[in-house]
Amino acid sequence: MTADPSNLVIAAAFDELADLYELDGAVVHRVLAYRSAAKTARDATVSVAGMTRKGTVTSLPGIGKTLEEKLVALLDTGTIPAAEKLRATYPPGLLEMTRLPGLGPKRARKLFDELGIDSLEMLRAAAETQKLRDARGFGPKFEASVLSSIAAGIGDRPAQRVLLHRALEIGEAIVQALRAHPASQRVELAGSARRRADSVKDLDIIATASDPGALARALGELEEIESASAPNEHAARGLTHTGLPVDLRVVEPENFGNLLQHFTGSRAHNVALREAAVRRGLHVSEYGILDDETGETLRCATEEEVYERLGLTYPEPELREDRGELAADFAPPRLVALGDIRGDLHMHTTASDGHASIEEMALAARDRGYAYIAITDHSATHGFGNHVTPEQLERQIELVAQANERVDGIQILAGTETNILPSGSPDYDDDLLSRLDWVVGSIHTAFGTPENEMTKRMIAAIEHPWIDAIGHPTGRKISTRGPYALDIDAVIEAAARTHTMLEINAAPDRRDLDDVHARAAAQAGAMILIDSDAHRVATLANMRWGIATARRAWLEPKHVANTRPWPQFAALRKRAR
DNA sequence: GCCGTTTTCGGCCCGACTGTTTTCAGTCG
């Protein structure tokens, strides 16, 4: 028996159906229904396949009888008949064509029907020979646009996204510089960067100013900006040296709340917000809230006012993904913050592939206000860089004891990041592990293992008496490597049952567990741990990105083990129970 | 295709821009 499709696979199937139905000319709301179902699958904190088997899947928002049937077909046969049929009608090249700016599904379909164009290559050839203008609604400007887009490589790849830490590094510098400008009054970062998403595709900045035109012109003068298009009195657009687009909007103070809310998004949050508003006879846009009864548009100076006027509870930006934050019974969580963290339980030293000593890491952690840390160098079978033999780990225990004597004000735990072997066993013997204070188990090898075996391997590790926590549980790397196949529901259940902590690894390209899985884990009663996985003193600061993911997962300090003072944390460890 | 303080049919967010067009559909965010 093959494993059930993951929520991500189901979401991709619905997205593909949405694309295909759109090409097929379906009414927009049918297409939107599939996109909405895809979002539901991506955000679901339990297995959609599992719910389908239990017959409860239609309780999910946006999934009704028809989509349930399609899910059943996908589970039973591995495919959806409607998708098979549409795939046979519309070549994949048609979808690639719609990646070009100005060419959507309607117009791509028209070129396919009237000129037989079904690939980027055919499109380019037709543009070069000026054949595109033969189709009604297409002209010379479109032909030129096609050629320049294809020459620029658009269409060969999806739009590039930048990891959050890179985007914020630039975005926060730009915001600081604009705030220092004499004409500026208020400057705030909006968009997905403000929501602390995994990655962003541009930076949105909202401002008020005593001289709006002067502030708009100032954007192009910043050292972070490589080029800027002609600014006007209320907007400017620039490109950073790394190619990240930056949009600045300067508004009147009375309107600041509307703009900041509008440009913070997400799209799904804003759509749901506006739908909720319509039910109250109100219409929300970036310009204000139009009241059907009075015909007047209410302008809001603050975001809080926007939500209050709509009868909604203010959600922190990280929650604005339409994952329940707009519900009538929404109770705003007291989200975990960097200042809540008391310890960091995953870091490396020169004993393996780190760049600092035990003492250097300890002193730097103490400077960050931590009360305890664990030294968790890679283990004996680590396939790359230095590794720590059992004999060296024995020596490491002594070195940590010595460091504890020399460094005051912080508790240093002797630990390891032990490899979880394909068998599910750690790669040190139990006797050695039992003499450590702390053990993180991580998978670093055989990523291609099938789901049922990988799940068994992971659960065996979780059930091991000396493994306190699982490091980067899914192995994903944002935008470069997907998660290995894993029944995450089963893993979470095992972790909750055995009091094994699940890590949110804060490395900015990992953030693993992700927001959806971390939320699911906390809901299921598993204890979450947020670790920097630092390999040098400076990257202890990566904790920030783990906090960002935890906040997007609605986590409060009580859900996160290392918000506790040392005695309480020590008692939470599996070995202390 | 979903859904219901307008319930089982008829709705289903908001606004700007573009190129091509005689008044707007499609695209985009």
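Only heavy atoms go into these numbers, but all of them, side chains included; no hydrogens, no water, no symmetry mates. Within every chain, numbering begins at 1; the chains are lettered A, B, ... in the order of the sequence lines, protein sequences first and strands thereafter.
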Assign [X] to base, sugar-phosphate, or nothing according to its heavy-atom contacts below 4.0 angstrom with the strands shown.
X	value
Pro140(A)	sugar-phosphate
Val271(A)	base
His262(A)	nothing
Lys70(A)	sugar-phosphate
Leu273(A)	nothing
Leu290(A)	nothing
Val31(A)	nothing

Tell me: [atom1] of [X] to [atom2] of [N], nearest whole Å?
X	N	atom1	atom2	answer
Arg30(A)	dC2(B)	CZ	P	10 Å
Asn258(A)	dC14(B)	CG	P	14 Å
Leu32(A)	dC3(B)	CG	C1'	14 Å
Asp247(A)	dG15(B)	CG	C1'	15 Å
Arg237(A)	dA16(B)	CZ	C1'	13 Å
Arg133(A)	dG19(B)	CZ	P	15 Å
Ile289(A)	dG15(B)	CD1	C1'	16 Å
Leu259(A)	dA16(B)	CG	C1'	14 Å

Within 45 degrees of the axis of the six-membered ring of [Y] and under 6.0 Å from its centre: does [X] put its NZ or CZ there?
X	Y	result
Arg186(A)	Phe256(A)	no
Arg249(A)	Tyr287(A)	no
Arg511(A)	Trp545(A)	no

Checklist line | Interatomic spacing from CG in Asn255(A) to CZ in Arg299(A) - rounded to 0.5 Å | finding: 4.5 Å
Nearest listed nucleotide, side chain of [X], among [options]:
X	options	value
Tyr287(A)	dA16(B), dG1(B), dC28(B)	dA16(B)
Arg267(A)	dC13(B), dG29(B), dT27(B)	dG29(B)
Ser285(A)	dC14(B), dT20(B), dT27(B)	dC14(B)
Lys106(A)	dT20(B), dG26(B), dC13(B)	dG26(B)
Arg274(A)	dA16(B), dC14(B), dC2(B)	dC14(B)
Arg136(A)	dT22(B), dA16(B), dT20(B)	dT22(B)
Glu275(A)	dC12(B), dG1(B), dT21(B)	dC12(B)

Determine the interatomic distance between [atom1] on [N] and the same-named atom on [M]; round to the nearest Å.
N	M	atom1	answer
dT21(B)	dC14(B)	C1'	25 Å
dC13(B)	dT18(B)	P	25 Å
dC12(B)	dT5(B)	P	16 Å
dG26(B)	dT20(B)	C1'	11 Å
dC2(B)	dT7(B)	C1'	13 Å
dT8(B)	dC3(B)	C1'	9 Å
dT6(B)	dG11(B)	P	15 Å

Item checked: Short side-chain donor-acceptor distance under 3.5 Å, Ser119(A) and Glu96(A) -> no
Notebook entry, point to check: Which heavy atom of Ser210(A) sits nearest a heavy atom of Pro182(A), and at what distance?
Noted result: OG-O, 4.3 Å
Checklist line | Watson-Crick and G-U pairing of DNA chain B, under 3.5 Å, as dot-bracket with | and [ ] | finding: ((((....)))).((((((....))))))
Check: Thr264(A) pairs by side-chain hydrogen bond (donor to acceptor under 3.5 Å, both in side chains) with which of Glu188(A), Arg195(A), Arg194(A), His269(A)?
Finding: Arg194(A)
Check: Considering the options Asp515(A), Asp198(A), Asp514(A), which one meets the side-chain hydrogen bond (donor to acceptor under 3.5 Å, both in side chains) requirement together with Arg552(A)?
Finding: Asp515(A)
Distance-only criterion, 3.5 Å: show the donor-acceptor pairs between side-chain atoms of residues 216-231 of chain A and protein atoms not counting sequence neighbours.
{"residue": "Arg217(A)", "atom": "NH1", "partner": "Gly213(A)", "partner atom": "O", "Å": "3.4"}
{"residue": "Ser229(A)", "atom": "OG", "partner": "Arg237(A)", "partner atom": "O", "Å": "3.4"}

Next item on the list: Specify the residue among Pro101(A) and Lys141(A) whose closest nucleotide of DNA chain B lies further upstream toward the 5′ end.
Entry: Lys141(A)
Next item on the list: On DNA chain B, check which nucleotide each of Ala135(A) and Val284(A) is closest to and give me the residue with the more 5' one.
Entry: Val284(A)
Checklist line | Side-chain N or O of His29(A) closer than 4.0 Å to phosphate OP1/OP2 of dG1(B) | finding: no
Check: Taking only N and O in the side chain of Ser145(A), is any of them less than 4.0 Å away from OP1 or OP2 of dG19(B)?
Finding: no
Check: When you look at Glu84(A) and Arg87(A), which way does the salt bridge (charged side-chain N to carboxylate O under 4.0 Å, His left out) test go after all the steps?
Finding: CA-CA 5 Å; Glu84(A) 295 284 327; Arg87(A) 271 190 220 118; 3.1 Å; yes
Next item on the list: Could you tell me whether the side chain of Arg107(A) has a donor or acceptor atom within less than 3.5 Å of a complementary atom in the base of dG26(B)?
Entry: no
